[in-house]
> 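Pasting a structure below so you can have a look.
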Amino acid sequence: MRPVLPFALVVCASLLGSTGDAGSQEALASPAADPRFKADILVIAPHPDDESTIAGYLAKAVLDEHRRVAVVLTTRGDAGQNLVGYEQARSLAEVREIETRQALASIGITNVFFLRAPDTFGQDVADVLRSLETSNHGSSLGEAVRFIRLTRPEVVIAMLPATVVGENHEDHQASGVIATEAFDLAGDPTSFPEQVAVPEDRLWYGNLMEGLRPWQPKKLYYYTDASHFDFMKGKGPEYSMTAVSPSQRVSYARLAASELSFHRTQYGDDPAKALATGNLHDYEQPLPFVLAKSLTGGSVTADIMEGAGGPPVQFSPVRGYRAPENVADFSIELGQGWAFYKRFYPAHNLDVMSGLLAPELGVGGGQHFVVQLLLHNNTARAVTFHLRPQLPQGWVVDSTSAQHSHAWPMTEFAVGAHDDVPVRLRLVAPMPAKSEWQTLTWVADADGRQTAPVTLRVYVGGR
């Protein structure tokens, strides 16, 4: 129930701007942004515990460099495992939220926010579009923009928006996509304008306009929990986890393990055992980042906060999506998230991402999984594509289908004028003696002409 105020107090509150002194008028008319939430760094991560991947660096930033750090989790982890209790679904989300707040508080981070998007159950092949669908993409983006405007960070750090071996969860990639879009929109007053509109009467109740300010962060970095980091070399700074924190007098690896130890539903007592025995090998690997973009210039491999100080910068719009020029009459490409990223990176000025790594995937030996190809006919007449896979020895095409057809194995696909047809390929990986990289290739013939090949690097787990 709305509280009832004495009439005199209501009149005083509504007229204060015109009856107080000049200083009071100015303060009430345009109060400064709330300094309690100002951040130097805002981390946007997918699940409770995914901030732990960079906990060593965050400890360094907060405890030794006295940076202000805030963290946003896009989900509450309601689809995760529980190694210590029977709680699941929404109850598990409550537990994991508390675990995350306690974990981050252990390294001095108390401003922790949650978008509360659903935790997407992982599939054999991660597809970022699946997670963007389940999270209600537009709603989650609006929330992320709100948190950037509230915390006003100089730097945003997010997970890598790419499919990389060892990091194949669609929620990880979706959080990176949403963070990137929010980075590019938070400074635009026409994006989610209700957030930056002045409230009708901030001294009263029931205001709908939010009173935030547009805010343009200066730098965007990505991190990943992939199983290989060769593609990140020289693309951003790298931090030693064996270095000793001057303030805490222990290694950053130990601080990272300590932070992770609060996530008992996901890791049980493993981090605590590592701390007790001093076996911190899993936490001592160098921590690399990718500099996705910087509006203040500077060296690619310099410290994350280099060039991030000083006054705010102007809104910097990105180029946006542009239709490709001089397209081939007939072409094929990998579908799913790969097709999306091919268009997403240049649209958001992510020049480093376009050549960062070729499409890749990790699968177990003998695993069944699905890959999608897109067949493009850019001519004014219908044609038939003849699809030809070029697969290493031991690979099996379990089924091939297009649209509503389930014939097996299909190799011919009718594609109408100026149309695209998705082809669903169900593959079975071989069982090599040891884990190794293999390359899958597809080409197609259309109207007597061969398309450019499409390749997918696959890391196949050995026996």
> Apply salt bridge (charged side-chain N to carboxylate O under 4.0 Å, His left out) to Arg68 and list each qualifying residue two or more places apart in sequence or on a separate chain.
Asp40
> According to ring-ring contact (aromatic ring centres under 6.0 Å, His included), does anything in residues 127-167 pair up with another residue at least two apart or in another chain? List the pairs.
Phe113-Phe147
> For residues Val397 and Leu391, report the shortest heavy-atom separation together with the two atoms involved.
CG2-CD1, 3.7 Å
> What are the two closest heavy atoms between Asp50 and Tyr223, and how far apart are they?
O-OH, 2.9 Å
> When rounded to the nearest 0.5 angstrom, what distance separates CD1 in Ile148 from CG in Leu42?
6.0 Å
> Check whether Gln450 reaches the backbone of Ala446 with its side chain - one donor and one acceptor, N or O, closer than 3.5 Å.
no
> Which pairs with one or both residues in residues 298-312 pass salt bridge (Lys or Arg N to Asp or Glu O under 4.0 Å), sequence neighbours excluded?
none
> Working to the nearest 0.5 Å, report the span between NE2 of His418 and NE2 of His376.
14.5 Å
> Check for a donor-acceptor pair, side chain of Ser261 on one end and backbone N or O of Ser258 on the other, with a separation under 3.5 Å.
yes
> Got a sec, which pairs hit ring-ring contact (aromatic ring centres under 6.0 Å, His included) with one end in residues 74-104, sequence neighbours left out?
none
> Hey, are Glu238 and Thr301 close enough side-chain-wise for a donor-acceptor pair under 3.5 Å?
no
> Any chance you could measure Arg96, atom CZ, to Ser91, atom OG, to the nearest 0.5 Å?
13.5 Å
> Quick test of your reading: applying salt bridge (Lys or Arg N to Asp or Glu O under 4.0 Å), list the pairs with at least one residue in residues 439-450, sequence neighbours left out, ordered by first then second residue.
Asp329-Arg449, Arg381-Asp447, Arg388-Asp445, Asp447-Arg449
> Testing the basics here: between Thr224 and Thr53, what is the closest heavy-atom pair and its distance to 0.1 Å?
O-CG2, 3.8 Å
> Just by modelled atom types, is the Leu150 backbone N or O under 3.5 Å from a matching donor or acceptor in the Arg152 side chain?
yes
> Short question: side chain of Asp127, backbone of Gly337 - any donor-acceptor pair under 3.5 Å?
yes
> When you check the gap from the basic side-chain N to the acidic O, do Glu143 and Arg146 get nearer than 4.0 Å?
yes
> Is it the case that Thr74 and Ser175 place a side-chain donor and acceptor less than 3.5 Å from each other?
no
> Would you give the length of the straight line joining atom CG of Asp225 to atom CG of Asp49, rounded to the nearest 0.5 angstrom?
9.0 Å
> What is the minimum heavy-atom distance between Leu73 and Pro48, and which atoms define it?
CD1-N, 4.0 Å
> State the OG1-CG distance between Thr134 and Asp171, to the nearest 0.5 angstrom.
6.0 Å
> So that I know where these two stand, are Phe289 and Tyr57 an aromatic pair - ring centroids less than 6.0 Å apart?
yes
> Any salt bridge (Lys or Arg N to Asp or Glu O under 4.0 Å) involving residues 310-328? Give me the pairs, sequence neighbours left out, ordered by first then second residue.
Arg319-Asp351
> Establish, from distance only, whether the side-chain atoms of Thr180 and Tyr222 form a donor-acceptor pair under 3.5 Å.
yes
> Ion pair present between Glu154 and Lys38, side-chain N to carboxylate O less than 4.0 angstrom?
yes
> Please tell me whether Glu284 and Thr242 have a donor and an acceptor in their side chains that are separated by less than 3.5 angstrom.
no
> Kindly give the heavy-atom pair with the smallest separation between Leu132 and Ala174, and that separation in Å.
CD2-CB, 3.8 Å
> For Ala308, does its backbone N or O pair with a side-chain atom of Lys219 as donor and acceptor, under 3.5 Å?
no
> Verify, without hydrogens or angle tests, whether Thr451 (side chain) and Ser331 (backbone) share a donor-acceptor contact under 3.5 angstrom.
no
> Of all heavy-atom pairs between Ala358 and Arg457, which one has the smallest distance, and what is that distance?
CB-CD, 4.4 Å
> Could you pull out all residues at least two apart from His47 that satisfy ring-ring contact (aromatic ring centres under 6.0 Å, His included)?
His169, His172
> Filter on side chain to side chain donor-acceptor pair (under 3.5 Å), then keep only pairs touching residues 183-192, sequence neighbours left out; what's left?
Asp184-Lys293, Asp184-His348, Asp188-Thr190, Asp188-Ser191
> Output all residues satisfying ring-ring contact (aromatic ring centres under 6.0 Å, His included) with Tyr341, sequence neighbours left out; order by chain, then residue number.
Tyr345
> Side chains of residues 226-236: which donor-acceptor partners sit under 3.5 Å, not counting sequence neighbours?
{"residue": "Ser227", "atom": "OG", "partner": "Val165", "partner atom": "O", "Å": "3.1"}
{"residue": "His228", "atom": "ND1", "partner": "Asp230", "partner atom": "OD1", "Å": "2.4"}
{"residue": "His228", "atom": "NE2", "partner": "Glu360", "partner atom": "OE2", "Å": "2.7"}

> Would you find a donor on one side and an acceptor on the other, under 3.5 Å apart, between the side chain of Asn82 and the backbone of Glu87?
yes
> Between Glu65 and Lys60, does any side-chain N to carboxylate O distance fall below 4.0 Å?
yes
> Return each pair, listed once, that meets ring-ring contact (aromatic ring centres under 6.0 Å, His included) where at least one residue sits in residues 292-313; pairs must be two or more places apart or across chains.
none
> Return the set of residues passing salt bridge (charged side-chain N to carboxylate O under 4.0 Å, His left out) with Arg76 (not counting sequence neighbours), or none when no residue passes.
Glu94, Glu97
